[in-house]
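These numbers come from the heavy atoms of this one structure, side chains and all, not from hydrogens, waters or symmetry mates.
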Amino acid sequence: MPEGHALNENANRDPCRPGYHFLPPANWMNDPCGLIQWKGQYHLFYQYNPRAAYHDLIHWGHAVSEDLVHWTHLPVALTPTPDGPDKDGCWTGCAVDHDGIPTLFYSGVFPQTVCIATSSDDLLTWEKYEGNPVIEAPPHDLRYQTGGHFRDPYVWQEGEHWYLIIASKVKDVGGMILLYRSQDLIHWEYLNPLMVGDIHKGDPFRTGTMWECPSLIQVGDRHVLLVSIQATPSDHLYTVYHTGKFEAQRFTPETQGILVHGGYFYAPQVMPLDDGRHVLWGWLKEGRSQRTSEWTGWAGGMSLPLALSLQKDRGMVVEPVPELQARRREHWHLEGLELEPEPFKLLEEIRGDSLEIVAEFELEGEAEFGLRLRYSPDGREQTRIVYQAAQSQIVVERDESSVSPDVERGECTAPVELAAAELLRLHIFLDRSVLEVFANGGRTCLATRIYPLRPDSLGLGLMLRSGRVKLRSMDVWALASTWE
């Protein structure tokens, strides 16, 4: 096992540990960092505590893939340097190709600064710049308003200039993204705030007190700004997108929305691919206590790799990459079924805790229907994915998702607007304690956590509460582990 990856054997024995989502061998992980395609390989770095399953003295973990599906763990990439600007942790950042030299930007703490490191052996080892930090503090005129919050640099090149955005805040105002410019990646000129939030704004979503993990990418003829919103240091809300134009060092937003609903997806970063796609991963937070995470020896995981695109109205589409189909194994197919009201009936032939489900439904009026999964024979453990036509939303009902008293149980919702006579199309990925739901071609995405403990909670079935609904078709696959 690579140096720095201490293994807790409890992690592999935990029935809630995902099998095909990316995880380190054990211990704590949070934000994806430094995503880069280098010489045909996909490199994933991530915030990592190699010593325990809680957030403390963060390093950069590292893994590589040839296909976005199977991953190989590599040695820890960045380790805090005693008495250095990153002595208290190497926090979130990005990776760029600087004239053939892979270069990492990351946050040193405390105080929060911008540091860099380079590699001369194709990303296997890293040398920190002896002049770190390259940006030592927020701009002088904003320094005292930010309270020292100044982290998560994201860097890209346009023409002869490099640009950097970094997350911050303005006390009693809201989150803020600051814009810098450089010609050599070492000397940075502060330009202006790129965007500032409003703590009093509640529509169409709360914009919080602090912004984190910004990314600015070009998709077609528009730019997309991703920002993760923090209400308090311990309350991470969600990631939002703004589409618009970045011109003359200014960003003009046109549309906005929550990228992934549910409250468990946070701090995504985008990897531009050589084929023109933009693929991102987000951190999937836990929904059970820190005590349980420490006992099982792991906490946090990555979302599926998701491809970003824009709709005609410039709203975001988020879809699983097609490479994931390589994980499909046993297959079941159903079609042309009229859903029936209770009593609920299982699809007896289909069982599993690691499944991919693609289903299309025809509905009339204000129907309420969906699926039950991770269903135990007596129904004491089950999770319900319900479409409520009257409210135009999907709800994941978790009140019976686990017999454990140590898990979060609230409902998770996401809006799904259907046009007249439009089918409801659901693409669902179940991976033990992870549930990701994509509706109607990725127009809506929801990610949440469930923690069934009973070994017989493997059932799957269809349910109808009201209205008239027909299952046009459903395909289900058992999915193989990432490590097979």
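Side-chain atoms of T243 and V219, non-hydrogen and from C-beta on, never get closer than 4.5 Å to each other. Two residues are said to be in side-chain contact when any heavy atoms from C-beta on lie closer than 4.5 Å; L426 and I394 meet this criterion. Using a 4.5 Å heavy-atom threshold, the side chains of H236 and Q230 count as touching. Residues Q391 and P415 are not in side-chain contact: their nearest non-hydrogen atoms beyond the backbone lie 4.5 Å or more apart. S401 places none of its side-chain heavy atoms less than 4.5 Å from the side chain of R409. Side-chain contact between F265 and L446 is absent, with no heavy atoms from C-beta onward closer than 4.5 Å. Counting only heavy atoms from C-beta outward, the side chains of E286 and R449 approach each other to under 4.5 Å. For the pair L225/F251, a side-chain contact is recorded, criterion being any heavy-atom separation below 4.5 Å from C-beta on.
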Legend entry - side-chain contact (heavy atoms from CB on, under 4.5 Å) between M271 and Y42, worked out: CA-CA 9 Å; M271 180 191 292; Y42 308 101; 3.7 Å; yes
Legend entry - Working for salt bridge (Lys or Arg N to Asp or Glu O under 4.0 Å), residues E422 and R443: CA-CA 13 Å; E422 183 180 5; R443 289 179 359 217; 2.9 Å; yes
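In this structure, CG in L453 is found 4.0 Å from OG in S402, a value given to the nearest 0.5 Å. In this structure, R374 CZ and L460 CG are separated by 11.5 Å, a value rounded to the nearest 0.5 Å. Taken to the nearest 0.5 Å, the CG atom of L194 stands 9.0 Å off from the CH2 atom of W211.
Donor-acceptor pairing under 3.5 Å is lacking for the side chains of Q37 and Q41. For the residue pair T207 and D198, no side-chain donor N or O sits within less than 3.5 Å of a side-chain acceptor on the partner. Judged by distance alone, the side chains of E356 and H427 do bring a donor and an acceptor atom under 3.5 Å apart. If you check the side chains of D67 and S65, you find a donor sitting under 3.5 Å from an acceptor. Looking only at atom types and distance, the side chain of Q382 has a donor-acceptor partner in the side chain of R384 under 3.5 Å away. For the residue pair H21 and E436, a side-chain donor N or O sits within less than 3.5 Å of a side-chain acceptor on the partner. A donor-acceptor pair shorter than 3.5 Å can be found between the side chains of E212 and Y266. Side-chain atoms of Y375 and E400 form no donor-acceptor pair, as typed in the model, at a separation below 3.5 Å. With 3.5 Å as the limit, one finds no donor-acceptor pair spanning the side chains of R13 and T296. A donor and an acceptor atom, one from each side chain of D14 and W298, are located under 3.5 Å apart. A donor and an acceptor atom, one from each side chain of T92 and S107, are nowhere located under 3.5 Å apart. Between the side chains of E381 and Y451, not a single donor N or O lies within less than 3.5 Å of an accepting N or O. Side chain to side chain, D406 and S289 meet the donor-acceptor criterion of an N or O pair below 3.5 Å. Between the side chains of D475 and H331, at least one donor N or O lies within less than 3.5 Å of an accepting N or O.
In this structure, F105 has its ring center at least 6.0 angstrom away from the ring center of Y154. For H62 and F45, the ring centers sit closer than 6.0 Å to each other. Between Y54 and W28, a ring centre-to-centre spacing not shorter than 6.0 Å is recorded. Taking the centre of each ring, H73 and F22 come in below the 6.0 Å mark. Annotation: F246 is in aromatic contact with W156 [ring centroid separation under 6.0 Å].
Counting heavy atoms of neighbouring residues, nucleotides and ligands inside a 6.0 Å radius, atom CZ of R468 does not exceed 12 of them.
With respect to R454 and D378, a salt bridge is recorded, a charged nitrogen being found less than 4.0 Å from a carboxylate O. The pair R222-E254 counts as a salt bridge, with a side-chain nitrogen and a carboxylate oxygen less than 4.0 angstrom apart. The residues K39 and D122 are annotated as salt-bridged, a charged nitrogen and a carboxylate oxygen being separated by less than 4.0 angstrom. A salt bridge between R472 and E362 is present, with a side-chain N of the basic residue lying under 4.0 Å from a carboxylate O of the acidic one. Salt bridge annotation for K470-E340: absent, with no cationic side-chain nitrogen under 4.0 angstrom from a carboxylate oxygen.
Formation of a donor-acceptor pair under 3.5 Å by the W71 side chain with backbone atoms of T482 is not found in this model. For the pair D152 (side chain) and A167 (backbone), a donor-acceptor distance under 3.5 Å is absent.
Residues satisfying the salt bridge (charged side-chain N to carboxylate O under 4.0 Å, His left out) test with R465, not counting sequence neighbours, are E368, E397.
A cation-pi arrangement is absent between R151 and W91, since the terminal nitrogen or guanidinium carbon is not both under 6.0 Å from the aromatic centre and inside a 45° cone about the axis.
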